[in-house]
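For reference, the structure is listed below as structure tokens.
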Amino acid sequence: MKEMIRKSKIIRKLAKMRGSVRHDSGKCVYCGACAGTCQMKAIEVRRKERELTIDHDLCVRCGCCVKKCPVSALRIAR
């Protein structure tokens, strides 16, 4: 268990060096495709409120959400 926690901390440190995921609310259609593909469950989409939240502490900047977004509303900013 300690080894898994240590690896998780290392992965998060490396991820932060890659930048952070940014959301363009002007392009977003709030479809939830990004949240559905995020294995870390770092993205929450509230369709009715037209809100998207990214938990940057959970996000490992893998880019899956960026690739999945049908309108290119997400990007990784360095």
Side-chain angles (χ1 to χ4, degrees):
M1 183 67 169
K2 286 183 181 182
E3 180 67 18
M4 188 174 8
I5 292 170
R6 187 181 72 76
K7 286 182 180 179
S8 177
K9 287 180 181 179
I10 291 170
I11 289 169
R12 291 190 196 290
K13 282 183 184 180
L14 290 172
K16 287 182 180 179
M17 293 169 55
R18 290 187 208 147
S20 62
V21 176
R22 299 290 179 205
H23 169 245
D24 183 339
S25 59
K27 290 182 179 179
C28 188
V29 293
Y30 303 93
C31 66
C34 55
T37 196
C38 182
Q39 294 183 10
M40 301 306 293
K41 306 297 180 207
I43 302 173
E44 180 183 355
V45 177
R46 291 174 300 286
R47 291 180 185 172
K48 288 183 180 180
E49 295 85 0
R50 298 187 56 81
E51 293 179 355
L52 184 140
T53 305
I54 301 169
D55 185 332
H56 294 285
D57 290 328
L58 290 177
C59 178
V60 295
R61 287 93 173 153
C62 64
C64 288
C65 59
V66 174
K67 292 175 189 170
K68 190 71 172 183
C69 181
V71 294
S72 301
L74 296 171
R75 65 183 175 87
I76 295 180
R78 302 202 194 301

**Study point:** Minimum side-chain heavy-atom gap I54-L74 below 4.5 Å
**Key:** yes
**Study point:** Polar side-chain atom of R47 near backbone of V29 as donor-acceptor pair, under 3.5 Å
**Key:** no
Study note, to complete from the structure: Residues A42 and C59: closest non-hydrogen pair is CB-N, 3.7 Å
Check your understanding: Same cluster or not: are I76 and L52 linked, directly or through other Ile, Leu, Val, Met, Phe, Trp or Tyr residues, by side-chain heavy atoms under 4.5 angstrom apart?
Key -> yes
Check your understanding: Quick one: do Y30 and V66 end up in the same hydrophobic cluster if we chain Ile, Leu, Val, Met, Phe, Trp and Tyr together by side-chain heavy atoms under 4.5 Å apart?
Key -> yes
Exercise for review: Assess whether atom CD of Q39 is packed by more than 12 heavy atoms of other residues, nucleotides or ligands within 6.0 Å.
Suggested key: no
Point to revise | Minimum-distance pair of heavy atoms, taken over all atoms of A73 and K27 | key: CB-CB, 3.9 Å
Check your understanding: If every non-hydrogen atom of G19 is compared with every non-hydrogen atom of R61, which pair is closest and at what distance?
Key -> O-NE, 2.8 Å
Practice item. Go through the steps to decide whether C38 and L58 satisfy the test side-chain contact (heavy atoms from CB on, under 4.5 Å), and finish with yes or no. Key: CA-CA 10 Å; C38 182; L58 290 177; over 6 Å; no
Exercise for review: Kindly indicate whether the side chain of R46, heavy atoms from C-beta on, has any atom under 4.5 Å from the side chain of T53.
Suggested key: yes
Exercise for review: Consider only side-chain N and O atoms of R50 and S25, and report whether a donor and an acceptor are under 3.5 Å apart.
Suggested key: no
Exercise for review: Output the distance between atom OG (S72) and atom CG (D24), rounded to the nearest 0.5 Å.
Suggested key: 10.0 Å
**Study point:** Spacing of C65 atom SG and R75 atom CZ [to the nearest 0.5 Å]
**Key:** 12.5 Å
Check your understanding: Which heavy-atom pair separates D57 from D55 by the least distance, and what is that distance?
Key -> N-OD1, 2.9 Å
Check your understanding: Taking a hydrophobic cluster as the set of Ile, Leu, Val, Met, Phe, Trp and Tyr residues connected by side-chain heavy atoms closer than 4.5 Å, whether directly or through intermediates, do V45 and M40 fall within one such cluster?
Key -> no
